[in-house]
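Below, each value reflects all heavy atoms present in this structure, side chains not excepted, and no hydrogens, waters or symmetry copies. First listed ligand is number 1; within each ligand, the first listed atom is number 1.
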Amino acid sequence: MGKILMLPGDGIGTEVMAEVRRIIDWYGTQRGFDVTIDEDLVGGCAYDEHGQAISDAAMEKAHQSDAVMLGAVGGPQWDGVAYDVRPEAGLLRLRGELGLFANLRPAICFAALADASSLKRDIIEGLDILIVRELTGGVYFGEPRGIEDLGDGQRRGVNTQVYETYEIERIARVAGDLAMKRDKRLASAEKRNVMESGLLWNEEVTRVIGNEFPELELEHVLADNCAMQLVRNPKQYDVLVTDNLFGDLLSDVAAMLTGSLGMLPSAALGAADSEGRSKAMYEPVHGSAPDIAGQGIANPIATIMSFAMALRYSFNRGQDADLLEAAVTHVLDKGIRCGDIMQPGMEKVGTVGMSDAILASLNELQEQYS
Ligand code: IPM
Ligand code: MG
């Protein structure tokens, strides 16, 4: 039996995760998906309870799980909290200690939502890119870091951008594998024009892809140019591999191309063990959205689609994942929308209404996926 740890976190995290639970229950009763679900705190709520953004006990549960489903962390009430215990530290500890170095962030534009994007329809219609973000290295984890008092009324803030060969190698391999299963095109973004770490990134990616994936078409792009290209002509990319910080920025850009941050799932995966299983955490790309928290209007689709990724990558249930993705598409095709993707003439629903509609579509479509 599989084990899922749910960490709903803060803000809308708790609301959207409650809907995922209903979807998991449906897979339990209808499709024989046998899992035990445990739940714990992460983020600001964990800080309030334990003085830490995630407790050791919750970390231990995460280590014992096949998949962690995370909602969102953070909120303005924790803005003044120190970095090592603030809500985001919980996320970083999970990523770091579980060794989740490969972050898969697909940006897919649903046909029904092409008009919800701030870009013209023809630029984003049919968009399907996959950002592969390095997640446990770079400036997020580099040492030294901190704020130093220079004693003369001046202070010095330091973070370190650092990558070693093995870190670039393993993320290049993940990206190469995925690109081979898709369009056999891989773009790699860095800033080799100003950063040594970018030059190393460029050289190691070139070497790994050249040696191990000779069939792939590899393109190198400077990260700032890449941001511009994503807005100008995003469909030129298929798989895009990049470091932790640039991946954070570029995935937000890519996300917005699709119409709404409320739609995009992500998976963070570790290295496979001897049995081929890897640690994994699934979370929506959006944040805790404190401005709409508690109102029952948050869009649960990104979190539900993250569960689809869990079905695919952690539970080896590709067909069940296809079914869930089809059910979401079906709901959108029917004109059902949450507020963030609302368009004229469509039916507006809240968080619960959206998952009701997805559950109805699951019932409708499930026979086609057996
Ligand atoms: C993300 C988020 C996180 C990050 C924050 C919440 C720490 O922006 O997952 O993209 O910067 O990685
Ligand atoms: Mg981000």
Original post:
With distance as the sole criterion, is a donor-acceptor pair present between the side chains of Gln229 and Tyr237 under 3.5 Å?
Top reply: no
Subject >> Ion pair Arg95/Glu283, N-O distance below 4.0 Å >> reply: yes
Original post:
Do Asp149 and Arg155 meet the salt-bridge criterion of a basic N to acidic O distance under 4.0 Å?
Top reply: no
Original post:
Is the closest basic N to carboxylate O distance between Asp56 and Arg93 below 4.0 Å?
Top reply: yes
Subject >> Exercise: do Tyr282 and Thr303 side chains pair donor with acceptor under 3.5 Å >> reply: no
**OP:** Over all heavy atoms of both residues, which pair between Ser188 and Leu218 is shortest? Give the atoms and the distance, please.
**Re:** CB-CD1, 4.4 Å
**OP:** Could you tell me whether the Mg ion (ligand 2) has an N, O or S atom of Asp248 under 2.8 Å away?
**Re:** yes
Subject >> Per-atom contacts, ligand 1 versus Arg105 - under 4.0 Å to a heavy atom >> reply: 1 (C), 9 (O), 10 (O)
Original post:
For Glu283, is at least one N or O under 3.5 Å away from an N or O on ligand 1?
Top reply: no
Subject >> Sub-4.0 Å heavy-atom approach of Arg133 to ligand 1 >> reply: yes
Original post:
Please state which protein non-hydrogen atom is closest to atom 2 (C) of ligand 1 and give its distance, to 0.1 Å?
Top reply: Asp248 OD1, 3.9 Å
Subject >> Per-atom contacts of ligand 1 with Leu91, taking only distances under 4.0 Å to non-hydrogen atoms >> reply: 6 (C)
Original post:
How close does the nearest protein non-hydrogen atom get to atom 11 (O) of ligand 1, and which residue and atom is it?
Top reply: Tyr140 OH, 2.5 Å
**OP:** Could you tell me whether Glu88 and ligand 1 have an N or O pair separated by under 3.5 Å?
**Re:** no
